[in-house]
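Computed from heavy atoms alone, side chains included, the values below leave out hydrogens, waters and symmetry copies.
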Amino acid sequence: MRVLLTSLPAEAHFNTMVPLAWGLQAAGHDVHVAVKPQLVDRVTGAGLVAVPVGSGDEHGGLLGRLGADLVAFYSSIDFTGMRDDSAQQVLSANDVLTGTFYALANDACFIREMAEYVDFWQPDLIIWEQFTFSGAIVGAAKNIPHGRLVWSPDLFYQMRRKVSSALAEQPPWLRDDALGDWLAAAVGKFGREFDEDLLFGQWQIELSPPELRIPSPRQSISARYVPYNGSSVVPEWLRESPSLPRVAVTMGITARGGNYANPVDVEAVVRELAELDVEVIATLGEAEQAEFGPVPDRVRLVDFVPLRALLPTCDAIIHHGGSGTWASALAAGVPQIIVSNLWDNVFRGRQLAELGAGIYLSPAEASPRVVRDKLVPLLTEDRFRAGARRLRDSMRCQPSPADIVPQLEEIAK
């Protein structure tokens with residue numbers, strides 16, 4: 001069969017799709033990946049066929065211009081369902097997210113050119129990562145089965161439940177659903193009507209271990225998260241076993257292109273950690289490394305190292321809570337400290353803490369000394385290692401991306 005994958009122009013989003021694409025190709029299926037031109041090299045670097053559609057990265061550009069202000073706004077939104085926001089707060093968040101993210105990242109040119117390619121290539125199946133609604137719109141427009149790849153606990157589903165409840169509280173003349181209205185208009189250009197499949201897919205593939213999923217009535221296919229970090233080389237220093245507990249410190253790659261600060265002062269944290277009897281591996285961009293100053297003993301600064309190679313050698317990781325870093329650490333069974341105030345990262349951090357696999361800190365409480373002090377029990381208390389390994393083992397019990405290919409074949413029939 002022919003399978004079209006599609007992702008927003010964000011490496012972290014696309015990386016979650018690569019193992020599934022490999023599984024489909026290994027089973028003999030044709031896989032093409034529709035992305036904006038700036039992600040083409042990333043796709044071809046993974047050994048996949050890229051289809052450039054659309055142009056520009058309006059959402060990425062907005063993050064670059066507004067950076068801290070936009071992230072601060074996103075951080076104020078409750079996607080967890082745990083906060084008692086008013087209906088107006090929920091609907092206002094839906095309005096702004098649609099304008100600054102959902103519709104902006106899935107612009108009309110991206111949708112139109114993807115639809116044109118679908119007319120040409122005639123795929124049997126479309127799989128879209130969870131915010132690339134263009135895949136759902138085109139699938140609905142062309143009567144092609146389409147499903148959503150969910151790479152993290154499905155807070156979007158939770159948020160939509162809150163939006164629906166908030167709308168029901170409003171009088172009929174105030175029931176404006178920005179996201180629903182935009183999707184209805186987009187699919188309406190193809191003579192189709194809105195339904196919830198445009199939000200959630202006709203089915204979905206969930207990559208989180210069962211303990212971390214948000215219950216949903218949607219038809220789900222369970223699959224194992226397989227770490228993929230792009231084109232990677234194992235450095236020579238990583239081929240030697242560490243003589244001390246090894247701690248990774250990373251704030252991810254995605255934030256480097258945005259105009260906003262890390263949730264912690266990485267240099268100050270690293271210098272505090274250097275006071276402990278540990279080895280620290282910190283990923284910092286070239287500019288950050290140039291400003292770092294004298295590097296303490298037992299500290300190694302690197303621009304990039306593949307987490308799937310590094311984490312199995314680590315005893316702990318301190319990071320920003322990004323889904324790729326979080327899931328890679330889960331797969332390696334490594335206890336985590338997450339420092340973040342961004343909605344989904346906070347949720348993942350709190351989940352880990354509740355399950356005994358890590359510690360969550362808000363940026364306000366994460367002084368370098370506090371981070372250092374919180375690391376000590378992570379390294380010395382068996383309960384954190386045991387919690388992390390339980391989640392790793394649960395993850396390993398899920399079918400691999402290759403194992404779910406027969407289910408996708410049935411859907412495409």
Side-chain angles (χ1 to χ4, degrees), residues 67-76 78 80 82-83 244-256 258-285 287-302 307 310-311 314-323 325-326 329 334-381 383-385 387-388:
D69 291 338
L70 191 57
V71 170
F73 171 76
Y74 286 170
S75 301
S76 71
D78 176 32
T80 67
M82 297 186 293
R83 203 169 71 192
L244 295 170
R246 178 175 281 171
V247 179
V249 180
T250 181
M251 294 298 120
I253 293 176
T254 303
R256 290 184 186 178
N259 182 27
Y260 50 95
N262 290 323
V264 293
D265 183 335
V266 177
E267 179 178 352
V269 167
V270 168
R271 293 194 183 282
E272 280 287 344
L273 299 183
E275 299 296 320
L276 300 174
D277 199 21
V278 298
E279 177 191 4
V280 180
I281 310 297
T283 65
L284 293 170
E288 291 174 297
Q289 289 189 41
E291 297 175 357
F292 193 90
V295 179
D297 293 340
R298 303 191 305 278
V299 171
R300 185 183 298 274
L301 305 182
V302 295
L307 288 181
L310 173 65
L311 286 177
C314 290
D315 297 276
I317 180 171
I318 299 166
H319 66 100
H320 61 306
S323 62
T325 307
W326 166 85
V334 177
Q336 308 177 45
I337 293 178
I338 290 178
V339 183
S340 183
N341 59 359
L342 194 59
W343 58 276
D344 56 335
N345 301 3
V346 172
F347 184 82
R348 287 189 285 265
R350 288 175 174 164
Q351 275 190 315
L352 284 181
E354 290 171 3
L355 292 169
I359 293 170
Y360 165 72
L361 296 171
S362 71
E365 61 187 336
S367 69
R369 177 59 62 88
V370 167
V371 173
R372 187 192 76 175
D373 291 346
K374 293 293 185 181
L375 176 64
V376 173
L378 219 65
L379 295 174
T380 58
E381 297 181 16
R383 62 190 177 100
F384 288 107
R385 285 191 293 271

Minimum heavy-atom separation for [X] and [Y], please, with both atom names.
X    : Y    : result
L378 : G358 : CD1-CA, 4.2 Å
C314 : A248 : SG-CB, 4.0 Å
G322 : H319 : N-ND1, 4.1 Å

Between [X] and [Y] (side chain of the first, backbone of the second, donor and acceptor by atom type, cut-off under 3.5 Å), is there such a pair?
X    : Y    : value
R298 : A274 : yes
Y360 : S340 : yes
E279 : L244 : no
N345 : H320 : yes

[X] side chain near [Y] side chain, heavy-atom distance below 4.5 Å:
X    : Y    : value
V278 : P245 : yes
V371 : E272 : no
E365 : V370 : no
Q336 : T325 : no

For this session: Please lay out, stage by stage, how R271 and E267 fare under the test salt bridge (charged side-chain N to carboxylate O under 4.0 Å, His left out).
Result: CA-CA 6 Å; R271 293 194 183 282; E267 179 178 352; 3.0 Å; yes
Seminar exercise, completed: The side chain to side chain contact (heavy atoms under 4.5 Å, CB included) partner of V247 among I337, I318, D315 is I318
For this session: Identify the residue among V346, V264, I359 that makes a side chain to side chain contact (heavy atoms under 4.5 Å, CB included) with V339.
Result: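 Only one of V346, V264, I359 forms a side chain to side chain contact (heavy atoms under 4.5 Å, CB included) with V339, namely V264.
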Calculate, to the nearest 0.5 Å, the distance between atoms [atom1] and [atom2] belonging to [X] and [Y] respectively.
X    : Y    : atom1 : atom2 : result
I338 : F347 : CD1   : CZ    : 11.5 Å
R246 : R300 : CZ    : CZ    : 7.5 Å
I281 : I317 : CD1   : CD1   : 11.5 Å

For this session: Would you please name every residue forming a side-chain contact (heavy atoms from CB on, under 4.5 Å) with T380, sequence neighbours left out?
Result: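 Testing T380 for side-chain contact (heavy atoms from CB on, under 4.5 Å), a comparison that skips the adjacent residues, returns V376.
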Exercise. For E275, what residues pass the salt bridge (charged side-chain N to carboxylate O under 4.0 Å, His left out) criterion, not counting sequence neighbours?
Worked result: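 With sequence neighbours excluded, E275 shows a salt bridge (charged side-chain N to carboxylate O under 4.0 Å, His left out) to no residue whatsoever.
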